[in-house]
Number of protein chains: 2
Amino acid sequence: MKNIISNINKAFDHRIRLGIMSVLMVNDHADFKTLKELLGATDGNIASHTKALEKQKYIKVEKSFIDRKPNTRYIATGTGRKAFQEHLDALEKLLHNSNDLGKKE
Amino acid sequence: MKNIISNINKAFDHRIRLGIMSVLMVNDHADFKTLKELLGATDGNIASHTKALEKQKYIKVEKSFIDRKPNTRYIATGTGRKAFQEHLDALEKLLHNSNDLGKKE
DNA sequence: TTAAAGTACTTTGAAATACAAAGTAAAATA
DNA sequence: TATTTTACTTTGTATTTCAAAGTACTTTAA
């Protein structure tokens, strides 16, 4: 490993994306409105952050109509789950392991 | 609590700032070059991220000369340590607690 | 002793990202 | 039928991130 943050995934740097992934790890899906409320974010915010995660193939979108109204539902992909888990492991290491300069690796 | 990420500190969203704080939590100080090497970042990068943390009073800077060369040393402040610990607690909660939509809070 | 190379940063300005306001389109309500 | 609400999407600005270039020395080497 070259540096102590090399396994921290840039895609999860932002708290809203962290929140979205964290919700989608425990629930097999969540819709636009739910994410918006859970995260206290604006519409445009949810739209752009989900789009970013989608672009990375970390989540996928399913559009349908529920009660005649459009519904956008987000689901974590296998790739996304794996990437997020690896990110969490990296975080764990960064935070609990020694970045102690006294120790040589 | 209004939303599940309300206690996540925006100042620590970025992996480089996360890394800097994490290093400064276990070591009572670290200098510019050390941070740069540990984090695999460029000079300008370290300069701007430390400046951001400084602006928040989360770290402080001590400038001196070591072997006739300028040396910039960073130290986490009490405020910074507290804020970072709270951030970690919030992360812990977000990641391990239930954002399970099946459960009402 | 001066020229070239290295060290330790800081500044800068372009590129990428984040944001909320405004826009769209259909549904519910009055 | 008009008005409001719901569920998003688009847009333009504002902010942030980034590394290249700049500054101010110090060290080495001729």
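Everything numeric here is computed off the predicted structure, so don't read it as measured data. Lettering of chains follows the sequences in order, A, B, ..., and the numbering in each one begins at 1.
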Is the shortest side-chain heavy-atom distance between B:N71 and B:F65 below 4.5 Å?
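No. Closest side-chain heavy atoms not under 4.5 Å.
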From the set D:dC18, C:dA8, D:dT6, return the single nucleotide nearest to any side-chain atom of B:H49.
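Per side-chain heavy atoms of B:H49, the pick is D:dC18.
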[X] [atom1] - [N] [atom2] separation (whole Å):
| X | N | atom1 | atom2 | result |
| --- | --- | --- | --- | --- |
| B:D67 | C:dA8 | CG | C1' | 13 Å |
| B:L18 | D:dT17 | CG | P | 13 Å |
| B:I46 | D:dT17 | CD1 | P | 13 Å |
| A:I5 | D:dT17 | CD1 | P | 13 Å |
| A:F65 | C:dA25 | CZ | P | 13 Å |
| B:Q56 | D:dT15 | CD | P | 15 Å |
| B:L39 | D:dT17 | CG | C1' | 15 Å |
| A:I66 | C:dA26 | CD1 | C1' | 16 Å |

Would you mind listing every salt bridge (charged side-chain N to carboxylate O under 4.0 Å, His left out) that reaches into residues 43-67 of chain B, with sequence neighbours excluded?
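Found B:K36-B:D43.
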Listing request: all salt bridge (charged side-chain N to carboxylate O under 4.0 Å, His left out) pairs with a residue in residues 78-90 of chain A, at least two apart in sequence or in separate chains.
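Output for this query lists A:K82-A:E86.
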Side chains of residues 19-29 of chain A: which donor-acceptor pairs under 3.5 Å do they make with residues two or more places apart or in other chains?
from	atom 1	to	atom 2	distance (Å)
A:S22	OG	B:L94	O	3.1
A:S22	OG	B:N99	ND2	2.5
A:N27	OD1	B:L101	N	2.8
A:N27	ND2	A:V23	O	2.9
A:N27	ND2	B:N99	O	2.8
A:H29	ND1	A:R73	NE	3.3

Once ring pair (Phe, Tyr, Trp, His ring centres under 6.0 Å) is applied, do any residues pair with B:F84, and if so which ones, sequence neighbours excluded?
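For B:F84 the ring pair (Phe, Tyr, Trp, His ring centres under 6.0 Å) partners, ignoring immediate neighbours, are B:F12.
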With a cut-off of less than 4.0 Å, is there a side-chain N or O of [X] near OP1 or OP2 of [N]?
| X | N | result |
| --- | --- | --- |
| B:R17 | D:dT17 | yes |
| B:H14 | D:dC18 | yes |
| A:R15 | C:dC19 | yes |

By salt bridge (Lys or Arg N to Asp or Glu O under 4.0 Å), which residues pair with A:R17, not counting sequence neighbours?
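Partners of A:R17 under the salt bridge (Lys or Arg N to Asp or Glu O under 4.0 Å) test: none.
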Between A:K55 and A:A41, which is nearer to the 5' end of DNA chain C once each is assigned its nearest nucleotide?
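Counting from the 5' end, the first nearest nucleotide belongs to A:K55.
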For nucleotides 9-16 of chain C, tabulate all protein N/O to nucleotide N/O atom pairs closer than 3.5 Å, reporting atom names and distance.
from	atom 1	to	atom 2	distance (Å)
C:dC9	OP1	B:T72	N	2.7
C:dC9	OP1	B:T72	OG1	2.4
C:dC9	N4	B:D43	OD2	2.8
C:dT10	OP1	B:K63	NZ	2.5
C:dT11	OP2	B:K51	NZ	3.4

If you compare all heavy atoms of B:F32 against all heavy atoms of B:A47, which two are closest, and at what distance to 0.1 Å?
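Heavy atoms of B:F32 and B:A47 come nearest at CE1-N, 4.0 Å.
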